[in-house]
Amino acid sequence: MPDFIPNDKKLAELMKKSRLEMPFSDFEDKVMYKIKERVKAKKFILKNISLACLFFVLGTGFGTAVCFFLPELISHSIPVSAGKILLTFQAAFVLVVLTQLEYLIKLVRKYGSI
Amino acid sequence: MLIEERANLANQDSLYIDKVCSGDTEAFRYFLTNYKDMAYSIAVSVVKDEFIAEEVVQEAFINAFKGLKSFNKQSKFSTWFYRIVTNEAFKKLKKQKKEVVSFVEDYRDEIVDESILLNLQEEEQTYYIQEALKKLSPNESLILRLFYLQEASIKEVGDITGWSESKVKVTLFRARKNMYLVFNQIVNLK
């Protein structure tokens with residue numbers, strides 16, 4: 001360790017003069033504008049997320065109903081194996097539901113809070 | 001700062017944090033008004049450029065706004081916020097890959113005359129202090145401003161910078177020495 005130790009009080013006194021003031025007079029307004037824009041954008045996104053959730057629930061409900069009534073519809077109108085068509089539809093339906101659910105979860109996690 | 005003043009400030013901070021968290025965005029202006037100067041001083045210590053420092057402080061305030069709900073009030077708001085500013089400043093410095101020439105000299109070979117600085121006029125002192133801080137390394141000027149200007153304790157400085165207490169002490173010790181050396185160099189060049 002070096003021998004010389006500067007007088008702390010003197011340095012403390014001098015360092016009081018090292019405070020800088022923000023030289024940009026519009027700084028506060030600029031930051032507040034950015035923050036308000038951000039809040040506005042977030043609110044818009046949250047509104048869209050809730051709409052997405054609503055349509056997801058409606059779509060899932062409709063898809064489930066179709067799965068339920070599909071065998072009856074097929075048997076009355078198309079002369080092909082109802083089981084195969086139902087299975088294909090159900091597989092596609094589950095795939096769509098899962099991918100959409102993943103998107104929704106990602107969105108909510110990303111923009112869940114303001 | 002007096003203990004009472006600090007307690008009042010902490011109470012006010014807490015009040016405004018609650019306001020912002022409950023949706024009053026305009027209440028965040030309180031933090032801008034009260035913390036922008038010290039945040040700017042910290043940012044300039046690291047990045048050494050007033051325009052980049054402004055960007056750093058802006059980013060820090062926006063990040064603080066984003067993370068205000070996660071602030072647990074166990075530490076002081078200032079400590080938490082200055083940590084954000086410090087991280088942002090070092091991130092910016094790294095990004096810019098700007099070479100800051102640190103002042104490294106063997107102080108044992110130098111004779112440090114404090115009286116030169118103390119005999120200067122107040123305005124001159126302020127000018128030379130700012131100049132000397134610009135010449136010091138980011139770590140050293142940061143620690144001097146935090147310790148003497150913000151009057152933070154060693155522990156608080158550690159919390160803000162993320163350094164261990166021993167690193168804070170060593171850096172502070174070196175910063176003090178180098179500060180006087182830079183002073184002397186600048187004043188002698190005058």
Side-chain angles (χ1 to χ4, degrees), chain A residues 1-56 101-114, chain B residues 20-21 23 25-26 28-29 31-33 36-45 50-51 53-54 57-62 65-66 69-70 106-108 110-112 114 117-118 122-123 125-130 132-133 141 144-145 147-151 170 173-177 179-180 183:
Chain A
M1 294 288 259
D3 304 329
F4 177 77
I5 297 169
N7 191 333
D8 222 10
K9 275 184 187 169
K10 283 176 189 168
L11 187 61
E13 205 180 292
L14 290 169
M15 281 300 297
K16 291 272 178 279
K17 297 180 179 102
S18 73
R19 178 179 278 271
L20 294 169
E21 277 181 20
M22 178 61 79
F24 308 99
S25 56
D26 60 342
F27 177 79
E28 282 185 29
D29 293 331
K30 242 188 318 190
V31 177
M32 282 311 295
Y33 175 77
K34 280 188 179 178
I35 285 172
K36 280 176 185 170
E37 283 298 300
R38 196 192 148 76
V39 171
K40 221 190 277 179
K42 266 289 171 64
K43 276 183 184 165
F44 181 72
I45 290 168
L46 286 179
K47 196 181 157 191
N48 283 349
I49 288 175
S50 39
L51 273 176
C53 288
L54 177 74
F55 283 111
F56 175 76
L101 190 66
E102 194 197 354
Y103 281 134
L104 269 181
I105 289 169
K106 274 184 187 169
L107 271 177
V108 172
R109 274 190 189 162
K110 197 173 176 186
Y111 302 106
S113 64
I114 292 177
Chain B
V20 176
C21 288
T25 312
E26 191 56 36
F28 194 73
R29 196 179 280 275
F31 297 105
L32 286 164
T33 311
K36 68 171 189 253
D37 290 336
M38 190 58 205
Y40 179 71
S41 302
I42 289 173
V44 164
S45 300
E50 58 178 15
F51 294 103
E54 192 215 2
V57 179
Q58 261 190 40
E59 277 302 309
F61 271 117
I62 291 169
F65 178 80
K66 279 197 278 186
K69 278 185 182 169
S70 66
D106 189 356
Y107 35 76
R108 271 170 283 196
E110 298 272 342
I111 300 158
V112 179
E114 293 168 57
L117 188 76
L118 295 168
E122 202 174 316
E123 278 173 21
Q125 279 183 349
T126 309
Y127 171 75
Y128 287 124
I129 286 161
Q130 304 296 358
L133 284 168
S141 51
L144 284 175
R145 278 210 167 98
F147 190 76
Y148 290 110
L149 198 56
Q150 174 62 18
E151 294 177 351
V170 170
F173 189 83
R174 283 184 188 150
R176 282 176 193 155
K177 308 291 166 303
M179 185 70 175
Y180 277 107
F183 275 151

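In what follows, chains are A, B, ... by sequence order, proteins preceding strands, each numbered from 1.
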> Roughly how far apart are B/Glu54 CD and A/Met22 CE, rounded to 0.5 Å?
Replying inline: 6.0 Å
> Short question: side chain of A/Arg19, backbone of B/Leu149 - any donor-acceptor pair under 3.5 Å?
Replying inline: no
> Taking atom CG of A/Leu20 and atom CD1 of B/Ile42, what is their separation to the nearest 0.5 Å?
Replying inline: 11.0 Å
>> With rounding to the nearest 0.5 angstrom, report the CZ to NZ distance, B/Phe28 to A/Lys36.
In response: 12.5 Å
> Looking at side-chain heavy atoms only, is the closest gap between B/Phe65 and A/Val39 below 4.5 Å?
Replying inline: yes
>> Ring-plane angle category for B/Phe51 and A/Phe24, please: parallel below 30°, perpendicular beyond 60°, tilted otherwise.
In response: tilted
>> Could you tell me if the side chain of B/Tyr180 sits less than 4.5 Å from the side chain of A/Leu11, heavy atoms only?
In response: yes
> Just by modelled atom types, is the B/Gln130 backbone N or O under 3.5 Å from a matching donor or acceptor in the A/Lys17 side chain?
Replying inline: no
> For B/Val57, is it the side chain, the backbone, both or neither that has a heavy atom under 4.5 Å from a heavy atom of chain A?
Replying inline: both
> How long is the gap from NZ on A/Lys30 to CD on B/Gln58, to the nearest 0.5 Å?
Replying inline: 5.0 Å
> Counting heavy atoms not belonging to A/Glu21, are there more than 12 under 6.0 Å from its CD?
Replying inline: no
>> For B/Ser141, which atoms come within 4.5 Å of any heavy atom of chain A: side chain, backbone, both, or neither?
In response: neither
> Going by an N to O cut-off under 4.0 Å, is there a salt bridge joining B/Glu151 and A/Lys16?
Replying inline: yes
>> Less than 4.5 Å to any heavy atom of chain A: does that hold for the side chain of B/Met179, its backbone, both, or neither?
In response: side chain
>> Is any side-chain heavy atom of B/Arg29 closer than 4.5 Å to one of A/Asp29?
In response: yes
> If you round to the nearest 0.5 Å, how far is CG of B/Leu144 from CE of A/Met15?
Replying inline: 5.0 Å
